[in-house]
Amino acid sequence: MMDEATQALHARITQGMPERLILAEMEDLRPYECDGLAVYRQLPRLVVLPETIEQVQHVLRSCCALGVPVVARGAGTGLSGGALPHADGVVLSLAKFNRVLAIDPLARTARVQPGVRNLAISQAAAAYGLYYAPDPSSQIACTIGGNVAENAGGVHCLKYGLTVHNIRALEVVTIDGERLRLGGEALDAAGYDLLALLTGSEGLLGVVVEVTVKLLPKPQLAQVVMASFDHVDVAGAAVARIIAAGITPGGLEMMDNGCIRAAEDYLHAGYPVEAAAILLCELDGTAEEVAEDLARVETLLREAGATALQVSRSEEERLRFWAGRKAAFPAVGRISPDYYCMDGTIPRRELPRVLNGIAALGEKYRLRVVNVFHAGDGNLHPLILFDGNAAGELERAEHLGAEILELCVAVGGAITGEHGVGFEKINQMCVQFAALELEQFHALKHAFDPQGLLNPGKAIPTLARCAEYGAMRVSRGELPFPELERF
Amino acid sequence: MEPTHESPDRDCSGELRERVLAAARARTPLAIRGGGSKAFYGREAVGEPLEMAVHRGIVAFEPTELYLTARAGTPLAEIEAALAAAGQMLGCESPAFGPAATLGGTVACGFSGPRRPYVGALRDFVLGMRLLNGAGELLHFGGQVMKNVAGYDVSRLQTGALGTLGVLLEISLKTLPRPAAERTLVQDVPLAALAIEQMNRWAGQPLPLSASAWDGGRLYLRLSGATAAVAAACDKLGGECLDAASAAAYWMSLREQTHAFFAGAAPLWRLSVAPSTPPLDLPGPMLIEWGGGQRWWRGGGEAARLHALAAAAGGHATLFRGGDRREVFQPLAPALAALHARIKASFDPHALFNPGRLYAGL
């Protein structure tokens, strides 16, 4: 049963698109009540599934006229609640925009609709020996539009960059229904770099309706070295050595003992379950390049104190080495009823301090934490294990997560490396940024969306919210990190 | 006071903030100036000079973390020397256009050099910055880590904005290791069309390309990476291999525009187009870089015609040097121009910073 406001909205939207593309019944809305971060749920007023850019424009104009919030949504795989609906708003699903429009093998670009899955781009480009580099772990399901909104990364960022480094152009619809083309087919564009600004803006500045991505030639060869260590500090130092030697691995991942065990129990990939940490170092390029780098990396790892080294000798073996890492999250899912995945970034040199800090916080909150780490680029994913059915555990997990992120900020890092702020980390934005920066963000948002209708309540906190959070976080008259600027 | 090489490292952010606050009170526009090496670029600057070169010094450089942080007035040459001493470099190979060039000016212009199409643009390496907005507020965006998606990407927005969105105070850049080996091949390719096609075809293959140019009927290709990989690629591509000194001098002459093509007073146009675009319909010689993506042309042609040509090729045209400085950048579509004005106002509500340097009214 629609209330009056929803009816008015429904009536307005049906003026510009067929009713079959508008969902209003409870059972139809239910699948949209959350994204990949399922602990937060909210039903929207309506879900719309436009099929054309004109319909997207119409929906946005309608919402703009009625002052209704709009939350854009791709595949809903996001891990920060960025696509969590607004109670008074519309969910704008781009699911029907699922076509690869054109691939230009000579210019090495693909023009795709935003609902195209990340992996589908590489599959479509494979015939030309090309691929799309960013590979978030959800790549079989997540869409390129969502990747742009979150500036998604993956395990190959150190060498190949994030989404922002791998897109050429965007077609965007603003809240007032205006179509903008940002970037272009050239390597740069006139005016401000709005392509970069929109990337990672979490649906707060505009709705992406087309993306032109850059394609890369597939490396001839990739091989991975798996190194075991007795201590995470030693593994961390080995990473610094590889980087200092001028080697840029295609991927450089670390797992701690808890994670190694979970992965091994799940997949039997041959991981050393006694090791305190393993490093997976992938080298890719031409056959000559890989051979040369491989020899150097093996020497460096031995010198750094690796207790065992294994090098993949076939593509099958390489995939087996990676299987445990790629399945780390589901593997952890087997050893705990629930887990909460964090996404902090730290300077690599701070790894021992941060891992020790996380262990101490785990004890404080009486929860287990296992760690996977994009070691090459300092992006840490602590997985907090908890049982949502046990009274108080979710709340403890949330508090533990918040403290982990604040620890990342305290050592000079960031509260999110690739998952976005969304709804989840909105309070930690108050720790990451001071009031003046947040005000500048709001001013910038106002330049795009003066009514604040695009994804309200996400990504950038209001100062009032920060004041409230700040007050809440004070314990024994002291803030957790007194050296940080507060307001 | 003119800074010299002996100028000490100094944090002048306090004084610079006072200058901006005073300018905001008096509504006096400021012309932000680093080393003055790129004063030729953009529309004419108006306003009282705001000298940045005194605000200098490398604040942090950690080779194993792959980043460098420096004050905006730090000479680019000083940064390059520090990186080279650690076996590293700026991946974008940005031009200096003179010994006085500063980091801040380079970032404000957003210039990248020959490595651009294969390794990335300057903006791709910007990790974070401190800046003053038009209210004289000292703001800090991004950081020193390469993966950071907290908040809007203001640092990249500032890159290439020609100082119209803020006074850049301190910039953190991602650094890269220098390649173990580098070789340059030269091939005779008389026709531009064939050169463009070859540059694009090779870029689609797993070859360690790091620069390319077509210049006077000859195609130059630079390969960088592991020694064995570079050697194997040279065998595959063929052509005359330049000695190391000539090769370095050649790419430097393109980067710094000391190559003979850039001599003389005729207006210099930069056409940034889809790399696979066939030769453009313009009379006279053209120098092609960036795998076909950056094309230089000399001539006093009608701006509207060049803009139309570039737009049809998926890009834009800039009157890079000389000519009529009243309108040098490709005009923006009306909705985009209006958005630019609102973004400008969000950072610089009193229009203090480099007014009109990028576009009239911005």
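Naming: A, B, ... by sequence-line order, numbering from 1 per chain.
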Chain B contact via [X] - which portion, at a heavy-atom distance below 4.5 Å:
X	answer
A:Gln220	both
A:Arg241	neither
A:Pro219	backbone
A:Lys425	neither
A:Leu106	both
A:Asp104	side chain
A:Leu187	both
A:Glu150	backbone
A:Leu182	side chain
A:Glu437	both
A:Leu158	both
A:Ala107	both
A:Leu444	both
A:Thr416	both

From [atom1] ([X]) to [atom2] ([Y]), nearest 0.5 Å:
X	Y	atom1	atom2	result
A:His442	B:Ser346	NE2	OG	12.5 Å
A:Asp377	B:Asn148	CG	CG	11.5 Å
B:Ile343	A:Leu197	CD1	CG	6.0 Å
B:Lys147	A:Cys157	NZ	SG	4.0 Å
B:Glu65	A:Glu350	CD	CD	8.0 Å
B:Leu176	A:Lys159	CG	NZ	11.5 Å

message = Holding to ring-ring contact (aromatic ring centres under 6.0 Å, His included), I want the full list of residues that pass it with A:Phe441, two or more places apart in sequence or in another chain.
response = A:Phe433, B:Phe141, B:Tyr152
Among the listed options [options], the residue most often paired with chain B at heavy-atom distances under 4.5 Å:
options	answer
A:Ala291, A:Ala244, A:Ala240, A:Ala245	A:Ala240
A:Gly246, A:Gly344, A:Ala459	A:Gly246
A:Leu436, A:Ile247, A:Asn151	A:Leu436
A:Gly161, A:Ser201, A:Gly191	A:Gly191
A:Gly420, A:Ala169, A:Ala189	A:Ala189
A:Val290, A:Val164, A:Val421	A:Val164

Please determine, among [options], the option with the most heavy-atom pairs under 4.5 Å with chain A.
options	value
B:Glu137, B:Gln158, B:Gln330	B:Glu137
B:Leu362, B:Thr227, B:Leu66	B:Thr227
B:Pro275, B:Ala335, B:Pro63	B:Ala335
B:Gln294, B:Lys344, B:Gln144, B:Arg342	B:Arg342
B:Leu358, B:Leu339, B:Thr164, B:Thr277	B:Leu339
B:Thr64, B:Val230, B:Asp153, B:Val149	B:Val149

ask   = Do you know which of B:Leu332, B:Leu336, B:Leu165, B:Thr159 makes side chain to side chain contact (heavy atoms under 4.5 Å, CB included) with A:Tyr192?
value =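 When B:Leu332, B:Leu336, B:Leu165, B:Thr159 are each tested with A:Tyr192, the side chain to side chain contact (heavy atoms under 4.5 Å, CB included) holds only for B:Leu165.
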Interchain contact, [X] with chain A, by part (heavy-atom threshold 4.5 Å):
X	value
B:Tyr67	side chain
B:Arg116	side chain
B:Ala135	neither

key: Residue-level contacts of residues 117-125 of chain B with chain A, using a heavy-atom cutoff under 4.5 Å   = B:Pro117, B:Arg123, B:Asp124
Per-residue contacts, residues 311-319 of chain B versus chain A, heavy atoms under 4.5 Å =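 From residues 311-319 of chain B, the residues near chain A are B:Gly314, B:Gly315, B:His316.
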task = In sequence, state the C-alpha distance, the side-chain angles, and the governing distance for A:Glu185 and B:Val273, and then conclude on side chain to side chain contact (heavy atoms under 4.5 Å, CB included).
result = CA-CA 7 Å; A:Glu185 292 163 69; B:Val273 296; over 6 Å; no
key: Ion pair check, A:Asp188 and B:Arg270, cut-off under 4.0 Å   = yes
message = Check this for me, if you would: do A:Asp193 and B:Arg156 make a salt bridge, where the nitrogen-to-carboxylate-oxygen distance has to be below 4.0 angstrom?
response = no
message = If the condition is side-chain hydrogen bond (donor to acceptor under 3.5 Å, both in side chains), which residues does A:His381 pass it with, not counting sequence neighbours?
response =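 Listed in chain order: A:His374, A:Glu418.
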[X] and [Y]: which non-hydrogen atoms are nearest, and at how many Å?
X	Y	answer
A:Gly413	B:Val145	CA-CG1, 4.5 Å
A:Ile415	B:Ala150	CG1-CB, 3.9 Å
A:Glu292	B:Ala229	OE1-N, 4.5 Å
B:Gly204	A:Pro217	O-CB, 3.2 Å

key: Side chain to side chain, B:Leu157 and A:Leu194, heavy atoms closer than 4.5 Å   = yes
